[in-house]
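Reminder, nothing fancy here: chain letters follow the sequence lines and each chain counts from 1.
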There are 2 protein chains.
Amino acid sequence: MTTRWLTPQEQRAWRAYLAATHLLEDAIDRQLQQDAGMPHLFYSVLANLSDAPDRRLRMTDLAETLKITRSRLTYAVTRLERDGLVRREDCRWDKRSSIAVLTDEGTAVLERAAPGHVETVRATLFDRLSPEQVGQLEEICTGIARGLQGGGTEPGAEDVPWRRRASCSSTESSPPVQPRRSP
Amino acid sequence: MTTRWLTPQEQRAWRAYLAATHLLEDAIDRQLQQDAGMPHLFYSVLANLSDAPDRRLRMTDLAETLKITRSRLTYAVTRLERDGLVRREDCRWDKRSSIAVLTDEGTAVLERAAPGHVETVRATLFDRLSPEQVGQLEEICTGIARGLQGGGTEPGAEDVPWRRRASCSSTESSPPVQPRRSP
DNA sequence: GGCTCTTGGTTCAAGTTTGAAACAAACCTA
DNA sequence: TAGGTTTGTTTCAAACTTGAACCAAGAGCC
């Protein structure tokens with residue numbers, strides 16, 4: 001079957017997408033690194049925990065909502081634990097699982113870092129989008145994510161290399177960006 | 001000044017954005033790694049070179065269009081050079097510069113990898129977007145990128161941590177995704 | 001020419017990510 | 001309930017990224 005190459009407009013969109021995501025990711029990482037001494041992913045770990053009931057989450061669930069590999073999360077949590085921002089606890093029901101818990105210090109650090117982070121997200125992204133564009137972005141991204149989620153519904157796509165073979169947890173959760181109920 | 005927190009809709013959009021970009025990047029990296037034995041960035045280096053006049057580009061210019069640091073590019077080109085896909089040449093006019101040149105083997109590898117890559121980009125992104133959404137995506141991303149480009153035009157933003165202090169080359173170029181004139 | 005500043009590129013160490021094991025606990029199922 | 005599979009997590013080495021430091025060459029100035 002002959003390749004369906006990208007149309008000129010698709011190419012433009014794709015290039016713009018690559019540039020924008022690169023720049024945005026860089027900007028956010030840089031800001032957080034400077035102001036909070038941690039990369040974006042680590043901040044996201046804290047933020048997600050802060051939003052979870054009782055500030056605790058099973059490692060796998062956390063990895064799932066963050067869309068990262070378990071191994072990557074292990075690394076992040078290990079580092080955050082060393083810094084005292086997160087603590088690991090054993091799960092009572094399932095002895096295989098371990099639970100990451102946000103410590104008080106972690107909460108404090110998060111709340112100190114959140115304003116700068118949110119400000120950056122605003123300045124780099126939302127301040128440049130019209131309200132309609134925010135809606136468009138949400139819809140576009142939701143669609144993409146749904147397509148790449150474990151449980152794709154389209155026919156005949158069992159083992160293509162771009163689909164994660166990880167288990168798909170059916171429960172949808174909502175990762176936060178800012179601390180739960182900031183003061 | 002009190003923080004302007006994200007509105008519920010902005011939060012939804014931001015979460016969707018993070019999920020989508022993570023999943024998409026993962027999917028593309030995985031496909032390219034499996035089928036071409038290289039991460040996305042390396043492929044992009046080849047693709048950009050293939051589209052440049054005479055298949056050669058100054059390191060700095062390449063880094064600029066790819067939106068990556070010079071050091072990161074150095075690493076990538078070193079690896080690609082070891083594999084024989086790219087060659088370095090000295091610049092005749094400016095003895096500081098070095099030029100990355102796509103070799104014949106590099107061209108061959110790129111042309112072999114391109115169909116699968118484009119197919120993945122289609123399957124994961126464009127097949128899920130309506131024509132209007134492609135336009136919207138382009139516009140949104142172009143805006144974001146423009147804002148983060150070195151030469152921002154807004155007032156009073158000289159040294160915020162999220163702005164790159166790298167020099168901004170004024171000449172705009174257009175990075176390709178697929179090889180120049182694929183066979 | 002000599003000085004200083006900027007630009008182009010690499011190097012290096014420390015940090016992060018990847019993917020393939022390894023392990024242990026839970027879950028079948030015959 | 002023994003054996004086999006699945007699930008939750010970590011470990012490890014290799015690959016990649018980051019940012020600061022370095023070096024060399026161009027540019028501007030006296």
Side-chain angles (χ1 to χ4, degrees), chain A residues 22 25-34 36-45 57-64 66-83 86 88-100 150 161 164-170, chain B residues 22 25-34 36-45 57-64 66-83 86 88-100 150 161 164-170:
Chain A
H22 264 167
E25 173 70 355
D26 266 20
I28 288 177
D29 256 333
R30 187 159 39 248
Q31 184 270 324
L32 278 174
Q33 193 67 59
Q34 269 197 10
M38 64 179 78
H40 188 193
L41 175 64
F42 289 40
Y43 176 92
S44 298
V45 168
L57 233 35
R58 225 168 48 115
M59 292 292 281
T60 292
D61 295 338
L62 191 43
E64 166 68 17
L66 288 171
K67 269 62 171 141
I68 61 174
T69 61
R70 295 197 287 315
S71 134
R72 194 175 170 188
L73 179 61
T74 293
Y75 180 84
V77 167
T78 301
R79 212 262 237 178
L80 289 170
E81 191 169 32
R82 165 171 69 64
D83 293 350
V86 160
R88 265 187 251 243
E89 286 185 7
D90 289 337
C91 176
R92 203 161 317 169
W93 303 297
D94 188 338
K95 295 230 175 100
R96 292 168 301 181
S97 305
S98 75
I99 313 281
R164 257 188 204 283
R165 34 263 180 259
S167 67
C168 55
S169 89
S170 48
Chain B
H22 265 165
E25 173 70 355
D26 266 20
I28 288 175
D29 256 333
R30 188 162 34 252
Q31 183 269 325
L32 240 20
Q33 193 68 59
Q34 269 198 11
M38 63 178 78
H40 189 194
L41 175 65
F42 290 38
Y43 176 92
S44 298
V45 168
L57 234 31
R58 226 169 46 118
M59 291 294 279
T60 292
D61 296 337
L62 190 43
E64 165 69 17
L66 289 171
K67 272 54 170 149
I68 60 173
T69 61
R70 259 121 70 261
S71 135
R72 195 175 170 189
L73 179 60
T74 293
Y75 179 83
V77 167
T78 301
R79 209 263 237 180
L80 290 169
E81 191 169 32
R82 165 172 67 65
D83 294 349
V86 160
R88 266 186 249 244
E89 286 185 7
D90 290 335
C91 177
R92 204 162 316 171
W93 303 297
D94 187 339
K95 294 225 175 111
R96 294 168 300 180
S97 306
S98 75
I99 313 282
R164 258 187 203 283
R165 34 272 181 251
S167 66
C168 56
S169 89
S170 49

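- In this structure, D26(A) atom CG and dT16(C) atom C1' are separated by 14 Å, rounded to whole Å.
- Place R58(A) and Q33(A) on DNA chain D by their nearest nucleotides, and R58(A) ends up nearer the 5' end.
- If you measure from atom CG of L57(A) to atom P of dG8(D), you get 14 Å, rounded to the nearest angstrom.
- The separation between I68(A) atom CD1 and dT18(C) atom C1' is 12 Å, rounded to whole Å.
- Note that CG of D90(A) and NZ of K95(A) are 9.5 Å apart. Values are rounded to the nearest 0.5 Å.
- Between R30(B) atom CZ and dT18(C) atom P the separation is 10 Å, expressed in whole Å.
- Using a 4.0 Å heavy-atom distance criterion, D29(B) is classed as making no nucleic acid contact.
- In this structure the side chain of L41(A) reaches within 4.5 angstrom of the side chain of R72(A), judged on heavy atoms.
- Atoms NE2 and CZ, from H40(A) and R30(A) in turn, are 14.0 Å apart once rounded to the nearest 0.5 Å.
- Closest-nucleotide positions on DNA chain C for M38(A) and K95(A) were compared, and the one nearer the 5' end corresponds to M38(A).
- Remark: the backbone N or O of P39(A) is not paired with any side-chain donor or acceptor of D29(A) at under 3.5 angstrom.
- One atom, CD1 of I99(B), and another, P of dT10(C), lie 11 Å apart when rounded to the nearest Å.
- One distance of note links CD of E64(A) with CG of L73(A); it measures 11.5 Å at 0.5 Å rounding.
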Expected rows: protein N/O vs nucleotides 22-24 of chain D N/O, under 3.5 Å:
none

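- Remark: C1' of dG9(C) and CG of L62(B) are 13 Å apart, rounded to the nearest angstrom.
- Annotation: side-chain hydrogen bond (donor to acceptor under 3.5 Å, both in side chains) contacts of R88(A) (sequence neighbours excluded): T78(A), E81(A).
- For the pair D26(B) and K67(A), the minimum side-chain heavy-atom distance is 4.5 Å or more.
- R72(B) has its CZ atom 12 Å from the C1' atom of dT17(C), to the nearest Å.
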Check nucleotides 10-15 of chain D against the protein and report each pair of N or O atoms closer than 3.5 Å, with its distance, or say if there are none.
residue: dT10(D); atom: OP1; partner: R88(A); partner atom: NH1; Å: 2.6
residue: dT10(D); atom: OP2; partner: T74(A); partner atom: OG1; Å: 2.9
residue: dT10(D); atom: OP2; partner: R88(A); partner atom: NH1; Å: 3.4

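- Taking 4.5 Å as the limit, every side-chain heavy atom of M59(B) sits out of range of all side-chain heavy atoms of S97(B).
- Nucleotide dT17(D) holds its P atom 12 Å from the NE2 atom of H40(B), rounded to whole Å.
- The nucleotide whose nearest atom lies closest to any side-chain atom of S97(B) is, among dT9(D), dG9(C), dA25(C), dG9(C).
- H22(B) places none of its side-chain heavy atoms less than 4.5 Å from the side chain of S44(A).
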